[in-house]
Novice: 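Please see the structure below; I have some questions.
Just so it is clear: chains get the letters A, B, ... in the order the sequence lines come, proteins before strands, and each one is counted from 1. All values below come from the heavy atoms of this structure, side chains included, with hydrogens, waters and symmetry mates left out.
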2 protein chains.
Amino acid sequence: MPNSFTPQAAGDLNYLKSLNRSTILSTVRRNPGLSRADIALQTGLTKATVGGVVQILLEQGWLREGELHARGGGRPGRALHLDDAHHCMLGAEVGVKGLRLVACNLLGEILASLHREEPPTTPEATARRLAELLGELRDDPAIAGRSCLGLGVAVPGPVSPQAPILRLAPNLGWVDIDFLALLRAECRGPEGIWLLENEANAAAFGEFYFFDGAPPESIAYISAGSGIGCGVVSGDHFPVIPRGRQGLVGEIGHTVLQPGGALCHCGNRGCAETLVSGWALREALKIDSRASLSASVSARGDEAEVQAALARAGDALGLLLLNLHHTLNPSMLIVGGSLMRLGARLIGPALSYFDAHQNDLLRQAQAVPVKVVEDSTFTAARGAAAQVMARAAVAL
Amino acid sequence: MPNSFTPQAAGDLNYLKSLNRSTILSTVRRNPGLSRADIALQTGLTKATVGGVVQILLEQGWLREGELHARGGGRPGRALHLDDAHHCMLGAEVGVKGLRLVACNLLGEILASLHREEPPTTPEATARRLAELLGELRDDPAIAGRSCLGLGVAVPGPVSPQAPILRLAPNLGWVDIDFLALLRAECRGPEGIWLLENEANAAAFGEFYFFDGAPPESIAYISAGSGIGCGVVSGDHFPVIPRGRQGLVGEIGHTVLQPGGALCHCGNRGCAETLVSGWALREALKIDSRASLSASVSARGDEAEVQAALARAGDALGLLLLNLHHTLNPSMLIVGGSLMRLGARLIGPALSYFDAHQNDLLRQAQAVPVKVVEDSTFTAARGAAAQVMARAAVAL
DNA sequence: TCTGGTTAGTAAATTGTATGAACTAATGGG
DNA sequence: CCCATTAGTTCATACAATTTACTAACCAGA
């Protein structure tokens, strides 16, 4: 399962230097405020090496110096932070329901964003529209004067691990689209790194890379929207996304939870998506595909039918989380996607099911936290931007 | 998901050297017969660097020179192979039904083996017995004069990713056992690397590391025996086993295939193990736990009850493979474990189910090969030995 | 206010790695 | 027999991290 962030297999002195540079950078990212001496201790490098590399990173606008440490005795160290003022990354999501764009700084903070509820039509027209919006975004005063590290685009389908090609987007009817090429034809877009990523992988990466607090060893991000996808990330300094042979890692929406169950649009029966997903809920509640699911559900309030459908779907989501946990055993499960807008009536039963059906193996171990992202409008776009940063940090 | 084989985060010149050494070694392992010039081309290192490193590896007994290449024009290159004559690794499996030991050379060829059908009792007694057998194995003339790189022990339960501790072996009734410490107390065993690994992970690693033919990018090994486990391996030069936060990656026996189904010994209902596993089949066919499952089944021949039970279990196994495939999308699925001794009546339906229920996503992609290991007596033990070699190759 | 202890960070000499250019070695074709 | 071609080695060079020694900055206590 190839990925762009693992250290390469063989290397020369340049490689060694860039390895150490990006390790130091990632050490600061994961522990803001460390001093040069702290970094030396953590990485095992010498003070001299760290000093030299930090010098370069300061000059290049990746790091900035902060306050002095205040721990008695001896000369205080100078805190180092990621420089949030000089660079930015662009991220975009081509979603089933519209286009979303963000520009972030190195801390993952969103400086500017755009959101258009315009369902994509053809790949070409979508690329053209995205190019327009990119232009608009780049003119935003919030990112004026910043160097742009590149652009990441998240798409609702598997991306080939061998090349940045969208293999299949069932909900858009797109097959084997070289979306970055289309986009490049429409705009002399930002210089730097361009990359294409599956929506769930992008979101997972962003949540992991910019995690707020003590960084987990690994996470699985479950994207529950029109369909159900999943992205996995692990790795300390070089986060890794397993993609699988065909980029199909995390197609958990099509794991079978109910053999012989309802027919799924994938051709099988009883897939998870037939039990919990945007389209399954629309079907169950007879909501038109053009209407907003969350709006329709709130409008219908406390109808018994609605309650029951949400509870059933919630149980299925809980089961899905459990099975995922048994297969991947991540340090943390993060649940996001547009279905989270349905609120506690869906996620409540899911979490209860998850807790209630822990088996002895899991009970014996420490409980695995589940985090719910209520508003994931820009999660995937920001995650794509995070991948740009990660790649820029190793290339540097 | 930490592991011992990924390149470390930061490094000095020693690290660079050892990185290149092990990369060259692994290049030869995966492409036997390459010349120095071929290696330089593949790895991107210069001829001079490769030459120097190969020199060392020849002297240390890791590589040997072979025949001359015969491709017209120019001086022919000298083929390089792993040296199968100087080193060996020991591997052992503490299985539910008995102890298995192997000694292999660097090609993964089994030089000597021992197999005792003595179900383990207490950890201490088992360690004592294993120490005896290790002594016996080391006296085998087939490994006389070889340097021993170390010992790997495979156990039927999750191993903590943080330390070589067996967390739980449900089928042995063991909890939190430091088996290597017990073993060390019983024998001044082989010098070198000692490691403990889950049985399915070990088997997966061995099948990947010593794969016969063009090496796949990643594999998932399904170990179908008393219980159902799974190990995953990927990575070109540095194979990685995801272990998860608690070492529970691959506990697919306890993914739920039948919500509300039969009660599993794990405390849940409808786990895969209630449908396909040694104990589920014994239960279904009322076979005593002391009798051999495969012998009893063959003895009962073509009884309709037996046929039906095997077909049902086979279907469940097929479904398990499909779900695993949707979650992990490996380049290859390998199925082994003692249940494979039941032959085509079990694995046949499993493969048919797997083929028949491929959904559109999978059908659009190239079919994923499924390999069946009929006799996996020493698979896990050999895999543990393979891990010793992998670790020795990076430490060197 | 000064002095000694302590930690942070820098400078210079040293070590060791891969590199590149130039070499020798070995083969086949004309 | 010579030459083109490819394999492999030798040796001077560049360069990254280290080691050692230094300066910088702060605190505590006299």
Novice: Which residue pairs pass the salt bridge (Lys or Arg N to Asp or Glu O under 4.0 Å) test with at least one member in residues 48-62 of chain B, sequence neighbours excluded?
Specialist: none
Novice: Among all residues two or more places apart in sequence or in another chain, which pass the ring pair (Phe, Tyr, Trp, His ring centres under 6.0 Å) test with B/His69?
Specialist: none
Novice: Once you apply a heavy-atom cut-off of 4.0 Å, does A/Leu13 come out as touching a base, just sugar-phosphate, or nothing?
Specialist: base
Novice: Using the 3.5 Å cut-off, write out each protein N or O paired with an N or O of nucleotides 24-30 of chain C and the distance between them.
Specialist:
residue	atom	partner	partner atom	Å
C/dA25	O4'	B/Arg75	NH1	3.4
C/dA25	N3	B/Arg75	NH1	3.2
C/dA26	N3	B/Arg75	N	3.4

Novice: Please list, chain by chain and in numerical order, all residues satisfying salt bridge (Lys or Arg N to Asp or Glu O under 4.0 Å) with B/Glu191, sequence neighbours excluded.
Specialist: none
Novice: Could you work out, with ring pair (Phe, Tyr, Trp, His ring centres under 6.0 Å) as the rule, every residue matching B/His81, not counting sequence neighbours?
Specialist: none
Novice: If you walk 5' to 3' along DNA chain D, what is the first nucleotide with an atom under 4.0 Å of a heavy atom in chain B, and what is the last?
Specialist: D/dT5 to D/dT18
Novice: Identify, residue by residue, the members of residues 47-65 of chain A with a heavy atom below 4.0 Å from DNA chain D, and return them in order of residue number, or none.
Specialist: A/Ala48, A/Thr49
Novice: Suppose we screen for ring pair (Phe, Tyr, Trp, His ring centres under 6.0 Å). Which residues come up paired with A/Tyr209, at least two apart in sequence or across chains?
Specialist: A/Phe205
Novice: Among residues at least two apart in sequence or on other chains, which ones pass side-chain contact (heavy atoms from CB on, under 4.5 Å) with B/Asn20?
Specialist: A/Ala10, B/Leu16, B/Leu45
Novice: Which angle, rounded to 10°, do you find between the first-five-pair axis and the last-five-pair axis of the helix from C/dT1-D/dA30 to C/dG30-D/dC1?
Specialist: 10°
Novice: Please identify each residue that fulfils salt bridge (Lys or Arg N to Asp or Glu O under 4.0 Å) with B/Asp38, with sequence neighbours left out.
Specialist: B/Arg71
Novice: Taking only residues two or more places apart in sequence or in another chain, which ones pass salt bridge (Lys or Arg N to Asp or Glu O under 4.0 Å) with A/Glu65?
Specialist: A/Arg36
